2 protein chains.
Amino acid sequence: MITCVKCKLSSSVLKAGFVRGRQRFLCKTCDYHFTEEKPAGQLTERRRSQTTIGDVAKAVGVASSTVSRALNGHTDISPVTRQAILDVARQMDYHPNLLAQSLKSRETHTLGVIIPDIERPFFATVVSGIQSVASEAGYRVMICQSKESYETEVSNVQALVASRVDGLLICHSRETENFDHVKPAACRGVPVVHFDRVSNEVDSAKVILDDWNGAFNVTEHLIQQGARRIAILAGPESLLISRNRLAGYQHALKRYNLPLRPEYEVHIEFRTEEAVAALDKWLALPEPPDAIFAINYTNAFDLLVALKKRGLRVPDDIAVVGFGDEFMASMIEPGLTTVNLHPYRIGQQAARLFLEQVRQKEDFQPRTFVITGELVIRGSSLKGKGELFSLSI
Amino acid sequence: MITCVKCKLSSSVLKAGFVRGRQRFLCKTCDYHFTEEKPAGQLTERRRSQTTIGDVAKAVGVASSTVSRALNGHTDISPVTRQAILDVARQMDYHPNLLAQSLKSRETHTLGVIIPDIERPFFATVVSGIQSVASEAGYRVMICQSKESYETEVSNVQALVASRVDGLLICHSRETENFDHVKPAACRGVPVVHFDRVSNEVDSAKVILDDWNGAFNVTEHLIQQGARRIAILAGPESLLISRNRLAGYQHALKRYNLPLRPEYEVHIEFRTEEAVAALDKWLALPEPPDAIFAINYTNAFDLLVALKKRGLRVPDDIAVVGFGDEFMASMIEPGLTTVNLHPYRIGQQAARLFLEQVRQKEDFQPRTFVITGELVIRGSSLKGKGELFSLSI
DNA sequence: AACGATTCCGGAAACGTTACCGATAGTTTT
DNA sequence: AAAACTATCGGTAACGTTTCCGGAATCGTT
């Protein structure tokens with residue numbers, strides 16, 4: 001027999017349909033609807049929850065707002081109460097719920113980082129640099145990989161923004177040509193810092209590396225080692241870094257009155273076969289190069305291997321220089337002369353620019369930070385024998 | 001003249017002290033306290049907030065619970081209302097607040113990963129594997145580096161647990177000997193998956209690699225190439241992987257009736273100088289080795305460089321094999337024979353074990369997954385000339 | 001008609017925290 | 001001793017969701 005939960009009468013109770021699998025009733029006298037008790041097969045499934053600020057408050061016998069004040073070092077609290085709360089909190093193993101705090105404060109203390117590929121040493125080191133600065137400042141880091149896909153990059157940005165990261169540090173994918181997804185409107189106010197592959201379409205803080213100067217320096221070094229016929233293994237012409245490095249190379253040649261030979265400039269997509277093919281083309285020339293500048297470190301290794309197979313000596317027959325990746329360059333013999341791009345510093349600087357932006361808020365003026373690479377000379381370019389080349393200007 | 005905010009009288013208003021820099025008043029007739037208006041120098045600082053579910057509800061003219069139902073594909077809603085809400089939501093650029101959702105649902109859809117160092121190719125690839133599976137399942141990944149420090153590792157665990165990650169994937173630091181911080185009590189119910197460097201103290205899911213078999217295979221390969229005097233450059237005896245790889249090496253020798261020579265077993269801390277010193281010690285022996293197994297890929301490269309400098313040919317004079325790091329091993333000439341540890345698979349498997357644990361909840365039985373390395377034969381061990389060695393058992 | 005079923009929607013209570021503001025009791029000033 | 005002040009503390013409303021559950025309208029069935 002069903003009784004109304006209000007008037008306790010059972011006489012005027014009518015059935016009133018089903019809702020979510022349970023019988024509903026209507027008491028005519030009370031004009032009140034209600035449903036039958038829950039099946040409650042298993043006993044109430046205790047909420048296996050953490051101790052909250054309320055639990056501590058109850059234990060101490062104060063209001064939760066007081067506990068909050070005690071925990072956050074607020075002023076409006078007496079030393080004795082504070083200490084009592086702190087003791088109980090520790091004893092109850094209380095830990096604040098960062099989610100609730102973030103919901104309230106609108107800050108997650110989390111940084112989103114988007115890179116093409118974490119497996120590339122350059123980016124791994126950048127991430128490491130970012131993390132060193134970020135964790136110092138109390139920020140956690142969430143990492144996404146675009147895998148050089150524009151679509152993935154966009155969805156990464158959206159996911160990070162949806163997670164309410166406090167900032168977005170991004171290096172665009174190779175595919176990316178549209179930058180709407182990192183504009184303020186799309187990011188809903190989340191500060192964005194670009195590094196390495198940047199976009200001038202967006203008015204954001206940027207950290208870039210000085211490709212032009214790096215390429216100039218490494219080319220100049222080859223010239224000073226006695227090289228006169230310097231070839232360059234450049235990347236896709238669409239890539240900004242490729243254009244800049246080529247320009248630096250060309251400028252060095254001009255500076256030292258060496259001719260720019262079109263047959264010495266080859267653009268590839270960084271594939272090994274392409275690098276080897278370019279080398280063979282060069283070797284077949286009436287005047288083969290006596291030095292090669294590979295703007296990508298992988299291709300530099302490709303060249304070293306191919307040269308060895310063809311019985312040519314490095315650097316005596318042909319010197320080789322690369323760009324980036326310190327570790328691997330130092331591990332082989334002869335060591336590969338490269339430009340250290342300081343990826344760790346790039347990461348650190350990007351994170352610092354973010355922190356600056358957070359602290360200055362609207363006053364922040366986006367600025368671009370240039371990291372200059374450092375020429376690291378190793379065996380692959382040290383001709384040694386070479387007559388010293390004197391500046392002829 | 002101050003008037004009471006309730007009775008509008010100014011006669012019975014008394015001053016009543018200062019609070020947080022503002023004058024307080026007390027109306028005697030109302031017995032009501034109040035403070036003077038806020039300085040309000042700047043106009044109310046509009047809360048630069050996102051559109052919420054409430055905003056959409058207001059715009060459509062329904063309750064926020066209805067909007068929630070529409071957005072989440074709930075049943076209790078009419079198609080027309082749902083569509084109207086969806087349209088307005090899109091138009092108002094509504095995005096759900098994941099923080100609020102997480103607070104409610106107690107799920108963050110975030111995975112915490114702790115590794116010693118992201119710059120090491122092995123770990124970078126593991127992370128990549130983790131991410132591939134995680135993002136497929138809708139999880140974001142938060143990465144921390146312990147930098148081989150126990151303290152940092154502990155604080156990383158605490159930070160991730162405090163962020164309410166749904167799971168913790170960890171590879172312990174080299175220093176770690178106490179594992180209390182990854183026990184269920186310390187992690188407050190967050191599922192933990194170990195990979196690579198695991199602890200048997202904790203009853204958790206694990207992914208380990210079969211060091212023993214890998215070492216056995218690579219040693220067997222050397223024997224089959226005709227090597228008879230095989231030295232091993234092992235790591236610290238305290239390290240589990242070092243002991244396992246040594247055991248696999250020893251077993252292979254025994255299996256093929258080769259003597260275990262103590263002078264051929266050297267333990268180092270993976271430093272380059274140590275590797276070179278070990279090599280020189282071996283070369284000075286009356287019977288120097290004809291093959292060396294370096295259990296760490298870095299040391300394998302050290303050996304290659306040192307051998308080259310000493311005018312010895314690889315593999316003809318001495319064969320060299322390493323362990324791990326596919327990329328670099330394949331880049332050099334001769335290529336380095338190694339065991340591919342499949343770090344990507346390790347990461348994938350760790351993430352899968354986590355997902356399994358989440359889905360099965362209490363029913364989950366922790367289990368250990370063993371990833372077997374794959375022998376990748378390259379030039380550094382292919383003696384070629386060697387008479388074929390026939391199994392003599 | 002009277003009862004029952006179905007459908008759809010609103011209100012309110014969580015989730016855990018912090019900020020605001022009013023309310024006391026006790027202390028000092030006039 | 002009234003008036004003014006200080007030091008503490010409690011209550012409540014947010015933050016943005018989701019989940020209950022009751023209310024009301026509509027439709028079908030005896």
Side-chain angles (χ1 to χ4, degrees), chain A residues 5-6 14-20 22-28 30-35 38 47 49-57 60-72 74-82 85 94-107 164, chain B residues 5 13-20 22-26 28 31-35 38 47 49-57 60-72 74-82 85 94-107 164:
Chain A
V5 293
K6 284 200 169 174
L14 299 176
K15 289 190 178 177
F18 288 94
V19 60
R20 281 165 292 266
R22 278 189 285 162
Q23 179 67 58
R24 290 191 71 199
F25 300 98
L26 170 62
C27 177
K28 290 204 67 173
C30 309
D31 189 31
Y32 178 69
H33 289 265
F34 58 92
T35 57
K38 266 197 175 174
R47 52 161 226 186
S49 187
Q50 308 296 331
T51 66
T52 76
I53 217 170
D55 299 333
V56 177
V60 183
V62 295
S64 44
S65 52
T66 308
V67 177
S68 174
R69 274 193 297 265
L71 261 29
N72 298 0
H74 224 273
T75 53
D76 270 13
I77 192 165
S78 77
V80 280
T81 317
R82 176 204 305 280
I85 291 174
Y94 167 78
H95 294 267
N97 187 325
L98 264 52
L99 258 54
Q101 287 183 327
S102 294
L103 179 60
K104 192 96 212 338
S105 67
R106 300 162 181 281
E107 293 184 347
R164 295 295 203 270
Chain B
V5 291
V13 173
L14 298 177
K15 289 189 178 177
F18 288 95
V19 58
R20 282 167 290 267
R22 280 188 286 161
Q23 178 67 58
R24 290 193 71 204
F25 299 98
L26 169 63
K28 291 202 69 173
D31 189 31
Y32 177 69
H33 289 265
F34 58 92
T35 56
K38 267 199 174 170
R47 53 164 223 183
S49 187
Q50 307 298 330
T51 66
T52 77
I53 217 169
D55 298 333
V56 177
V60 183
V62 296
S64 45
S65 53
T66 307
V67 177
S68 175
R69 274 193 296 266
L71 261 30
N72 298 359
H74 223 276
T75 53
D76 270 12
I77 193 166
S78 76
V80 281
T81 318
R82 177 205 305 281
I85 290 173
Y94 167 79
H95 295 267
N97 187 326
L98 264 51
L99 258 56
Q101 287 183 326
S102 295
L103 179 61
K104 193 95 221 318
S105 67
R106 301 162 180 282
E107 294 184 346
R164 295 293 202 273

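Just so we're clear, the structure is a prediction, and the values are computed from it rather than from any experiment. Here is how names work: the chains are called A, B, and so on, in the same order as the sequence lines, proteins then strands, and each is numbered from 1.
Distance, L26(A) CG to dA2(C) P: 15 Å, rounded to whole Å. Rounded to an integer number of Å, the gap from H74(B) NE2 to dC21(D) P is 13 Å. To the nearest angstrom, P of dT18(C) lies 10 Å from CG of N97(A). Atom CG of L98(A) and atom C1' of dC15(D) are 15 Å apart (whole Å). To the nearest angstrom, P of dT6(D) lies 7 Å from CZ of F18(B).
When each of S65(B) and Y32(A) is assigned the nucleotide of DNA chain D with its nearest heavy atom, S65(B) is the one assigned upstream, toward the 5' end. In terms of position on DNA chain C, the residue among L103(B) and S78(B) whose nearest nucleotide sits closer to the 5' end is S78(B). Of the residues near DNA chain D, I77(A) and S68(B), the one whose nearest nucleotide (by heavy atom distance) lies more toward the 5' end is I77(A). For the pair N72(A) and K104(B), nearest-nucleotide mapping onto DNA chain C gives the more 5' position to K104(B).
Taking the side chain as every heavy atom from C-beta outward, R24(B) and F34(B) never approach each other to under 4.5 Å.
Residue T75(B) has no polar side-chain atom (N or O) positioned under 4.0 Å from OP1 or OP2 of dT7(C). Regarding contacts with the backbone of dG16(D), every side-chain N or O of T52(B) stays at 4.0 angstrom or more from both OP1 and OP2. In this structure, Y94(A) reaches the dT17(C) phosphate: one of its side-chain N or O atoms is under 4.0 Å from OP1 or OP2. At dT18(C), none of the side-chain N or O atoms of R106(A) fall inside 4.0 Å of OP1 or OP2 (strictly under the cut-off). Distances shorter than 4.0 Å separate none of the side-chain N or O atoms of S102(B) from OP1 or OP2 on dC15(C). Contact between the side-chain N/O atoms of S105(B) and the OP1/OP2 oxygens of dT17(D) is not found at any separation under 4.0 Å. For dG10(D), one of the phosphate oxygens OP1 or OP2 lies less than 4.0 angstrom from a side-chain nitrogen or oxygen of T66(A). At the phosphate of dG16(C), neither OP1 nor OP2 sits under 4.0 Å from any side-chain N or O atom of Q101(A). Distances shorter than 4.0 Å separate some side-chain N or O of T35(A) from OP1 or OP2 on dG22(D).
Counting non-hydrogen atoms under 4.0 angstrom, Q23(B) reaches the backbone sugars and phosphates but no base. Within 4.0 Å of D76(B), counting heavy atoms only, lies at least one base atom of the nucleic acid.
Between atom OG1 of residue T52(B) and atom CG of residue N97(B) there is a gap of 9.5 Å, rounded to the nearest 0.5 Å. How far NE2 of H95(A) is from CG of L71(A): 11.0 Å, rounded to the nearest 0.5 Å.
Contact of R69(A) with dA19(C) (side chain to base): no donor-acceptor pair of N or O atoms is detected under 3.5 Å. Side-chain atoms of R24(A) stay outside donor-acceptor range of the base of dG4(C), with no qualifying N/O pair under 3.5 Å.
When all heavy atoms are compared, the tightest approach of R82(B) to H74(B) is NH2-O, 3.1 Å. The two residues Y94(B) and I53(B) make their nearest non-hydrogen contact at CE1-N, 3.5 Å.
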